Amino acid sequence: MNYNHKEIEKKWQKYWDEHQTFKVDIDPSKPKYYILDMFPYPSGAGLHVGHPLGYIASDILSRYMRLKGYNVLHPMGYDAFGLPAEQYAIEHGVHPAVSTEKNINNYRRQLKLIGLSYDWSREFRTSDPKYYKWTQWAFLQMFKHWFNNKTQKAEPIETLIKEFEKNGNLQVDAACNPETPKFTAEEWKSFDERRKQEILMNYRIAYRSKATVNWCPELGTVLANDEVKDGLSIRGGYPVYQVDLDQWFLRTTAYAERLLKGLDEIDWPENVKQIQRNWIGRSEGAEVYFPVAGSEKQILIFTTRPDTIYGATFMVLAPEHEMVLEITTDDHRKEVEEYIDYVKRRSERERIAEVKNVTGVFTGAYAINPFTGHRIPIWIAEYVLKHYGTGAIMAVPAHDSRDYAFARKFGLPIIQVIEGADITAESYDDKHGKMINSGIINGLDVQEAIPKIIDEIEKRGLGKRKVNYRMRDAIFSRQRYWGEPFPIYYKDGIPYPLDESELPLELPDMDDFRPTKEGKPPLAKLETWKTKEGYPLETSTMPGFAGSSAYYIRFMDPHNDNALVSPEAIQYWRDVDFYIGGVEHAVGHLIYSRFWNKFLKDIGAVIEEEPFKKLVNQGMIQGRSNFVYRIKGTNTFVSKNVKDKYDTIKINVNVNIVNPQDDTLDIEQFMKSEVYRMIDDKSKVSEVKFILEKEVEKDGKIEYQETTLDDPQGKYVCGWEIEKMSKSKYNVVNPDDIIERYGADTFRLYEMFLGPITQSKPWNTQGIEGMHKFVKRFWSLYHDDNGNFVVVDEQPTEEELKILHKTLKKVSDDIQRLSFNTAISAFSTAVNQFMSLKTRKRAILEPLIIAFSPFAPHMAEEIWTKLGHEPSITYAQFPQIDEKYLKEDTVEYPVAFNGKKRFTIEVPVDYGEAEVKDLVLKHEKTSKYVEGKKIIKFIFVPKRMINIVVK
RNA sequence: GCCCGGGUGGCGGAAUCGGUAGACGCGCAUGGUUCAGGACCAUGUGGCCGCAAGGCCGUGCAGGUUCGACUCCUGUCCCGGGCACCA
């Protein structure tokens, strides 16, 4: 019998399961290597062929590293809490725990079918109380710590209390709420419990605060900024509004500097680093106080262009700025209040849609420009954001395009302070040029003016140097059911932490998990949601990213009930060496994880500053969609090449009823399954008509003619396009089907062969045939036509050894640089060569199968045992590469004349320039190109090429 | 608008350091095998001219540097992604 993938793959998957082949433990005698896939959110749809791309790549690397003697930690688990399961539950009445369980079982089945070498003993899901105990624990630690800016580290809140008792907060430099009042030790001691807790809350790393948040009424929850796009929720696409609510936050901004610096030390794709830098949004500048005319009040602004302060001709505050109503004069109050109201009602989406239409109103108040002494009007406008900087700006219309547009619209003065710019039609925003009209900095270049003016600002006590970040603290609560409960209870409305001994605080079972009509979380409906003393517990739950923030740590020691991770485990495994996943997590998960890890490092729970040393983003596998064309207003479908004279609409048709070779539609299947979805008047299914096409040759050219169903030459040809693979486009290819037909080994190889791992590329089911052929050819190196094992113990030839060692070298290099497609090419070349040499020798074929085993592990195991070894090939040793066989005796040099290659010449490898030159000049073909010409230069690049310049 | 990627045969892609462009595979063509289809095997396959030998052109486009450019530089077009009133 010949190669039977079904039998072999089943056999070895069972063996791996029963023997726990990939189970790892701490082993100080071996170097560790931690390879992690971004764990999946198990959706009901299961895996399509695009999902395993990254898993297969990391699996090949894992298996390769094992062969190289590393102790490889390669785990898998499930990110199981979150909105989709709950949304599904609400719509279908299935409890999220039930649907999650079902989906996980399906995912596990599919993953095992691919032959992925996970240590399944470490599997967990984030919705398991044993797991989320440690998510809650980490939250409690964040609640009990503050961030000391001086040490750039989290410290226990007790140290802060001690300092308050000693010196108040006058000498404290902490990441805290900017509105925290200053107080002395005496004042601190005089505060009551409520006041003390309120103040401490301003310092905690996990804290509760009223804040303007993205409220999505349709989902009944608050969303993080990265869960909102263009004013709509990413999940569901529902409108999102800005409202003030009490929320839990993580003080991620405290770590802004460390998050930024850390990026320089890690091996991540440059674009992901760039996205994170952008998101952190560091900018240097100054904070400056502008006094309000005729008042004691001052307005603090942030600017990155203090050099242009002499050109500041007005000020603008965010409409939500707390001083707006204080400074507004009575004759402008009505307008101002109306404007604030107008801004509040607008969703972010509307604001974005109207970027070019500048709006704003005058408050009636004036400020004094501290450098020019001029009275400048104070306006409010929605283009100034409450959350960035201080929520107030000095407007320099000559050198800022937004201020310029505003000044032009409202007729405000424009003063140029940088020489040479033409500001008649637009502002000059560049940071180059000489300062003019600028008092003490006149004549300086912008770059010199900035530090000088900041020095002056500081000297005069007007403000100070300031680094500002665009990043905001992460909102950490969701008004939903299916998430981790907070280990927090309320006494007199003040939040207190549960004792660690009470963890995990388990999510109670509920039947109706819809949010209440008033927008209260589902848990608020539970009478029993209280501590044993009867204090009410926090009713919101943690967001989706909570459970995924430290899961990589938990995999190091997944069943430890006494600690997140044991000291021995973290000491040994330390961090993730290789992390692979989609680029869509560039800011969400990957920022939160880095933050979480840094915090855990500060409290001594982990060792490394950065959690993921190397990151790779696999590309997307796109689908090939097919379309049918329906003539508008009818139930008639017209074939692609004859559709142009009709007014048609194209509709995605299920790719499984279209022949991938020529895109012809299976009309019978179509009538059975698809038609109903596509026609307008469902009662007229019986009237569905088709206009087919047939090819006709006319004057030597092929033309398409319309024809009907009863014409045997007639066919319905579908249109096609490369699109994202998704259920709604009916272009999903299921890995189960592919594996059933071709086997997991072929599937793995084909996914890798499609192209570079980081690149997106279309799935093409046609091509897999070629890969299947290759796998069978590989198998046939070891077997005859009747399936007999035919490997023999004979001495290999020099030629065979050369092919083997070159292949080993190439494959080894390619795996290390993640170039799996070229590694497979190398195997293909080698197999072709061994086939024609009829190589049957153990000394060649045994090393070859070891090297191939990361790619096609099932076949490799089978051959390995036939070669007489004990299973499993997993812990075999990667063959030694012998340099001796990589060297050639001769080099084939291309010989070019004036840069054009004319012929090649075979030269012994040890020939020097003089000998090669001699050979080339004597060569019969050379005369043709040098005849009647002069040789100007002879260029010889050893082992590369020869170029002769003639004239 | 700004910031990253990327444009190579009919298709997926290769060329790792400036040195033989198109490896490997799909598809296609021809032949063998077969009652036939399929499977398998062999050969060919960037374009143009040519029976051939050979020649010319060719990595989005236009220039430049170099003995030599897919690779480096300048400009430009197109495609994909990220950010976008961020002071």
Side-chain angles (χ1 to χ4, degrees), chain A residues 230 269-279 281-283 285 301-306 308 312 316 318 351-352 354-356 358 381-385 387-396 399-403 405-406 429 468-471 583-584 586-587 617 619 661 749-750 753-756 758-771 773-774 776-777 780 785 810 813-814 816-817 819 821-832 835 892-904 928 936-950:
Chain A
D230 298 339
E270 207 42 56
N271 64 321
V272 175
K273 288 190 185 182
Q274 206 53 47
I275 291 169
Q276 293 213 346
R277 285 190 191 109
N278 232 315
W279 195 80
R282 183 183 200 273
S283 53
I301 61 103
F302 172 73
T303 179
T304 57
R305 294 297 302 275
T308 62
V316 186
R351 288 173 73 156
I352 289 163
E354 277 185 73
V355 169
K356 289 205 181 90
V358 208
E382 61 178 338
Y383 86 86
V384 174
L385 305 174
H387 294 287
Y388 188 77
T390 60
I393 62 158
M394 65 171 198
V396 185
H399 304 291
D400 181 285
S401 55
R402 293 151 305 170
D403 298 346
F406 197 81
D429 295 14
N468 195 53
Y469 298 95
R470 183 151 59 203
M471 177 184 174
V583 71
E584 66 272 17
V587 281
N617 297 125
Q661 306 283 332
L749 283 159
Y750 186 58
F753 187 66
L754 278 172
T758 54
Q759 199 170 300
S760 288
K761 57 243 155 183
W763 175 265
N764 171 8
T765 300
Q766 271 178 61
I768 200 167
E769 296 277 355
M771 191 49 67
K773 210 152 70 178
F774 163 68
K776 285 190 283 188
R777 278 162 69 82
S780 70
D785 289 349
K810 171 83 178 144
D813 287 353
D814 282 354
Q816 282 167 56
R817 64 186 183 104
S819 182
N821 55 330
T822 53
I824 294 166
S825 291
F827 278 118
S828 178
T829 308
V831 169
N832 288 342
M835 285 294 271
E892 197 185 7
Y893 281 99
V895 181
F897 294 85
N898 291 342
K900 279 196 170 118
K901 189 201 118 189
R902 295 300 176 181
F903 59 89
T904 60
K928 185 171 158 190
I936 295 175
K937 214 168 173 182
F938 184 89
I939 294 146
F940 172 71
V941 185
K943 293 191 182 162
R944 286 276 182 209
M945 57 96 63
I946 292 155
N947 191 15
I948 300 160
V949 187
V950 295

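Residue numbers begin at 1 in each chain, while the letters A, B, ... track the order of the sequences. Worth saying up front: this structure is predicted, and the values here are computed from it rather than measured. Both backbone and side-chain heavy atoms feed into the values below; hydrogens, waters and symmetry mates do not.
In this structure, A:Arg777 does not reach the B:C24 phosphate: none of its side-chain N or O atoms is under 4.0 Å from OP1 or OP2. Taking side-chain N and O atoms only, A:Arg277 has no distance below 4.0 Å to OP1 or OP2 of B:G82. Look at A:Asn832 and you'll find a side-chain N or O under 4.0 angstrom from OP1 or OP2 of B:G25. One finds a side-chain N or O of A:Ser828 lying less than 4.0 angstrom from the OP1 or OP2 phosphate oxygen of B:G25. For B:C26, the OP1/OP2 oxygens have a side-chain nitrogen or oxygen of A:Lys773 closer than 4.0 Å.
Atom CG in A:Leu749 sits about 13 Å away from atom P in B:G25, given to the nearest Å. Across the protein-nucleic acid pair, A:Met771 atom CE and B:C26 atom P stand 9 Å apart, rounded to whole Å. One interatomic measurement links the two molecules: NE2 of A:His387 to C1' of B:A87, which rounds to 16 Å at whole-angstrom precision. Whole-Å rounding puts the A:Asp813 CG to B:U16 P distance at 13 Å. The interatomic distance linking A:Gln759 (CD) with B:G6 (P) rounds to 10 Å, in whole Å. Remark: P of B:A39 and NZ of A:Lys776 are 9 Å apart, rounded to the nearest angstrom. Atom CD1 in A:Ile824 sits about 10 Å away from atom C1' in B:C24, given to the nearest Å. For the pair A:Phe753 CZ and B:A23 P, the interatomic distance rounds to 11 Å; values are reported in whole Å.
Of the two residues near RNA chain B, A:Met835 and A:Arg305, the one whose nearest nucleotide lies more 5' is A:Met835. Nearest-nucleotide positions on RNA chain B for A:Phe302 and A:Lys761 put A:Lys761 closer to the 5' end.
Side-chain contact of A:Asn468 with A:Arg282: a donor-acceptor pair under 3.5 Å is absent, judged by distance alone. Side-chain atoms of A:Asn764 and A:Tyr750 include no donor-acceptor pair closer than 3.5 Å.
Nucleotide B:A14 forms no Watson-Crick or G-U wobble pair with any nucleotide shown, as no partner meets the under 3.5 Å limit on both distances. In this structure, B:A52 forms no base pair with any nucleotide, since neither Watson-Crick nor G-U wobble geometry is met with both distances under 3.5 Å. Pairing partner, B:C61: B:G75, with both Watson-Crick or wobble hydrogen-bond distances short of 3.5 Å. Pairing of B:G19, defined by two Watson-Crick or G-U wobble distances under 3.5 Å, is identified with B:C67. B:C2 and B:G82 make up a base pair, with Watson-Crick or G-U wobble contacts both under 3.5 Å. Base pairing annotation: B:A29 forms a Watson-Crick or G-U wobble pair with B:U43, both donor-acceptor distances under 3.5 Å.
The side chain of A:Arg817 lies closest to B:U16 when the candidates are B:A87, B:U16, B:C56. Comparing B:C67, B:G13, B:A15 against the side chain of A:Asn821 picks out B:G13 as the nearest. Residue A:Lys900 places its side chain closer to B:C57 than to any other of B:A87, B:G55, B:C57. Between B:G82, B:A23, B:G12, one nucleotide has an atom nearer to the side chain of A:Ser825 than all others, and that is B:A23. Closest approach to the A:Lys937 side chain among B:C67, B:A87, B:C83 is made by B:C67 (side chain taken as heavy atoms from C-beta onward).
Side-chain atoms of A:Met394 and A:Ile301, non-hydrogen and from C-beta on, do get closer than 4.5 Å to each other. A:Phe753 has its side chain out of reach of A:Ser828: every pair of non-hydrogen atoms, C-beta onward, lies at least 4.5 Å apart.
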I'd like a table of atom pairs between the protein and nucleotides 17-22 of chain B - only N or O on both sides, under 3.5 Å - with the distance next to each one.
from: B:U20; atom 1: O2; to: A:Lys901; atom 2: NZ; distance (Å): 3.4

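B:G58 sits 7 Å from B:G47 when the C1' atoms are compared, rounded to a whole Å. Comparing the C1' positions of B:A15 and B:A23 gives a spacing of 8 Å, expressed to the nearest Å. For the C1' atoms, the distance from B:G75 to B:A84 is 27 Å, rounded to whole Å. Look at the C1' atom in both B:G22 and B:U59: the space between them is 9 Å, to the nearest Å. Look at the C1' atom in both B:U8 and B:C61: the space between them is 15 Å, to the nearest Å. With both ends at atom P, the span from B:G81 to B:G68 equals 40 Å, rounded to whole Å. Separating the P atom of B:C70 from that of B:G64 is a span of 15 Å, rounded to the nearest Å. B:C3 and B:C57 have their C1' atoms separated by 38 Å, with the value rounded to a whole Å.
Using a 4.0 Å heavy-atom criterion, one finds that A:Gly770 contacts the sugar-phosphate atoms exclusively. Counting non-hydrogen atoms under 4.0 angstrom, A:Ser283 reaches the backbone sugars and phosphates but no base. Residue A:Pro269 is classed as having no contact, given no heavy-atom separation below 4.0 Å to the nucleic acid.
Counting heavy atoms of neighbouring residues, nucleotides and ligands inside a 6.0 Å radius, atom CZ of A:Arg944 does not exceed 12 of them.
A tilted orientation is assigned to the rings of A:Phe897 and A:Phe903, their planes being inclined by 30° to 60°.
Contact detail for A:Pro756 and A:Lys761: the closest heavy-atom pair is O-NZ, 2.7 Å. Of all the heavy atoms in A:Val949 and A:Ile939, the pair that sits closest is CG2-CD1, 4.1 Å. Nearest heavy atom pair, residue A:Thr822 against residue A:Arg817, reads OG1-NH2, 3.9 Å.
Taking the centre of each ring, A:Phe940 and A:Tyr893 come in below the 6.0 Å mark.
Salt-bridge annotation for A:Arg277 and A:Glu270: present, with a side-chain N of the basic residue lying under 4.0 Å from a carboxylate O of the acidic one.
Classified by its glycosidic torsion, B:G75 falls in the anti category, the angle being over 90° from 0. Base orientation at B:C17 is syn, since its O4'-C1' glycosidic dihedral falls within 90° of 0.
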